[in-house]
Structure formats: C-alpha cells, structure tokens
K.L.:
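Starting off with a structure, shown below.
Values reported hereafter were calculated over all heavy atoms of this structure, with side chains retained and with hydrogens, waters and symmetry mates removed.
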Amino acid sequence: MGLACHESILKTVFFAFNFAIWAGGVLIVLCTLYSQGDFAAVDELDAGLQFNWSLILIWCGLLIALVGGLGCCAALNENATLMYSYGVCFLVLFFMQLAAVITTHAKTEQTLGFVATSLDRSLKQYDHDKNTRATWDAIQKQFSCCGGSNYTVWFEVFTTEKVPDSCCRAYKNHCGTDTSEHHIFREGCAVGIKEAMNEQILVFTLLAIIVGLAEWVCILTACCLGNSLSAEIAGYKTLDNK
C-alpha cells in the first residue's frame, strides 16, 4: 500500500520521532540506574529505605521505549488500525508518565524526611557494627557532610564533643576531636542527600517533558497517517466495487 509524497514524508518524521522516543525511554532507564549508585551507601543503612521514585521512572522508561518501538513498527507496516491503536496507547502512556512525575515531586519531601530519620537512627550502630561505620564514613566523604540532621548528633553517640574522622575537611587520624567550623563539615548529610536527589529529579523531569512533547507529536501524526491510510483503503474499495 503506497502513500502520497507528503504522507511519505509524514511517515518518515513519525518514524524518526518514535526512534527518538525509544532512545529517550532507554536513556531514562539508564540514567535512573546510574543515579541509584549515588545513594547505594544510604540504602545500606536501612534495608527498608527505598527510593520509590526510581522504580517509577524505570517502569515509565521501559514503557516509553516499548511504545516507541511499536510506533516504529506501525510506521513501517502502514496499518491504519495499528496507527490508531498506537495513538491510544501513547495517550494513555502520556497520562501515566504525567502522574509519575507528579507523584515523584509529591513524595520527595516525605522520602527525604524518612531518609533523615533513618540516618539519625543508624548512628547508634556506628561504634558497634563495622559495616555501619564503613557506610557512614563513605556517605560523609561522598556528600562532604557530618551526621544525619546535623553534626551535633554525633555528640550523643560518643557522649562527648567528637565526630568521626570522616567528617574532617582534611582527613587524618583522630581529627574528629576538633569540631571547629573550619576543621569539619557541619552540614548534616540529610541536606546533601536532599540536594543530590533534587538534582536527579530535575534531570528526569526535563527528560519527561521533552519525551512528552515528542509523544504528542507522534499521537497527532499517528492520527493523520491513520486517516490517510483509512481514506486510501476506502478509495481502493470504491474502485473495486466499480
């Protein structure tokens, strides 16, 4: 079944946009998986701590890549029914994607509050569990921070004005006994983790907006191509009847 010249161009544009959407979906999944490494140490402090927004974005990315791949197939097959079905699927996916972005932003503060609570709770195990100690040292070095909500929570753990050596701006043995501002990081790790999470969420939101715009172009293009293919089929049937 052939298409007119302008319709062939539309089909090429449709295929290109779907390929871009497929690539965008794959990129969202890869970026999300990569960003989870930034919070791996935080996860180790509490087995129940889960960044649900990451799972949401991974599933959205997979669905976007799947529908984008189907769109490429629809363009190659020149099937009107497949075009309409594709348009409906992408419309549903767009609203799912929108809901995921809204949910991610709505749950951010709740997740961050849970992170701060989990961090402060795990401090008590610092002197008794070598894995917790290693994890805390890694977090404080990675985010240039000290303690959960702030550096003074360590005073309760050590029962004296002292912090772990990993809080020091210039690391050396027993440097944590000097808690002056120029000597140690005083900002709590919850703040550093919050900033890192917000940066990641901003990147994914921008990706979602770009992919969403491309989705609408594909939805409208699919409808136009579907109408053209349906009209062409109707024209062939009219000629056959004659």
K.L.:
Give, for atom CH2 of Trp216 and atom CZ of Phe94, the distance between the pair rounded to the nearest 0.5 Å.
P.N.:
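Going from CH2 on Trp216 over to CZ on Phe94, the span is 6.0 Å.
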
K.L.:
Honestly curious: do Val157 and Val153 fall in one hydrophobic cluster under the side-chain, below-4.5 Å linking rule?
P.N.:
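Yes; tracing contacts between hydrophobic side chains, which count when under 4.5 Å, links both residues.
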
K.L.:
Flag this pair as yes if the NZ/CZ of Lys141 is under 6.0 angstrom from the six-membered ring centre of Tyr171 and inside a 45 degree cone about the axis; otherwise no.
P.N.:
yes

K.L.:
Please confirm whether the backbone N or O of Gly147 pairs with a side-chain atom of Gln140, one donor and one acceptor, at under 3.5 Å?
P.N.:
yes

K.L.:
Would the distance check show the side chain of Asp165 and the main-chain N or O of Cys175 forming a donor-acceptor pair, the cut-off being under 3.5 Å?
P.N.:
yes

K.L.:
Donor-acceptor pair, distance only, cut-off 3.5 Å: does the side chain of Thr159 make one with the backbone of Glu156?
P.N.:
no

K.L.:
When you measure from the side chain of Asn150 to the backbone N and O of Gly188, does any donor-acceptor pair fall under 3.5 Å?
P.N.:
no

K.L.:
Working to the nearest 0.5 angstrom, can you tell me the gap between Glu187 CD and Glu195 CD?
P.N.:
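If I round to the nearest 0.5 Å, the distance is 5.5 Å.
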
K.L.:
SG of Cys146 to CZ of Phe185: how many Å apart, nearest 0.5 Å?
P.N.:
9.5 Å

K.L.:
Using every non-hydrogen atom in the two residues, find where Asp129 and Thr132 come nearest and quote the distance to one decimal.
P.N.:
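What the structure gives for the nearest pair is OD2-N, 2.7 Å.
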
K.L.:
So how far is it from Leu206 CG to Leu202 CG, rounded to the nearest 0.5 Å?
P.N.:
4.5 Å

K.L.:
So do the side chains of Trp154 and Cys167 get within less than 4.5 Å of each other, counting heavy atoms only?
P.N.:
yes

K.L.:
What I'd like to find out is whether the side chain of Trp136 reaches to under 4.5 Å of the side chain of Pro164, using heavy atoms alone.
P.N.:
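The answer is no, as the side chains (C-beta and beyond) never meet within the 4.5 Å cut-off.
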
K.L.:
Start with the C-alpha distance between Ile184 and Asp178, add both sets of side-chain angles, then the distance that settles side chain to side chain contact (heavy atoms under 4.5 Å, CB included), and finish with yes or no.
P.N.:
CA-CA 8 Å; Ile184 67 167; Asp178 182 355; 5.9 Å; no

K.L.:
For residues Asp137 and Tyr126, determine if any side-chain heavy atom of one lies less than 4.5 Å from a side-chain heavy atom of the other.
P.N.:
yes

K.L.:
To the nearest 0.5 angstrom, please state how far the CD1 atom of Ile193 sits from the CD1 atom of Ile139.
P.N.:
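Between Ile193 CD1 and Ile139 CD1, I get 5.5 Å after rounding to 0.5 Å.
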
K.L.:
Do Cys145 and Cys189 have their SG atoms less than 2.5 Å apart?
P.N.:
yes

K.L.:
Tell me if a side-chain donor or acceptor on His183 pairs with a main-chain N or O of Arg169 at a distance below 3.5 Å.
P.N.:
no

K.L.:
Would Leu220 end up clustered with Leu213 when hydrophobic side chains under 4.5 Å apart are linked, directly or stepwise?
P.N.:
no

K.L.:
State, to 0.1 Å, how close Val163 and Thr179 come at their nearest heavy-atom pair, and which atoms those are.
P.N.:
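That closest heavy-atom pairing would be CG1-CG2, 4.2 Å.
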
K.L.:
Check whether Phe19 and Leu30 end up in the same hydrophobic cluster, where Ile, Leu, Val, Met, Phe, Trp and Tyr are linked by side-chain heavy atoms less than 4.5 Å apart.
P.N.:
yes

K.L.:
Might you point out which heavy atoms bring Asp127 and Arg133 nearest each other, and give the distance in Å?
P.N.:
O-NH2, 3.5 Å

K.L.:
With a 6.0 Å cut-off (strictly less than), is the heavy-atom count around CZ of Phe158, excluding the residue itself, greater than 12?
P.N.:
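Count over threshold, so yes.
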
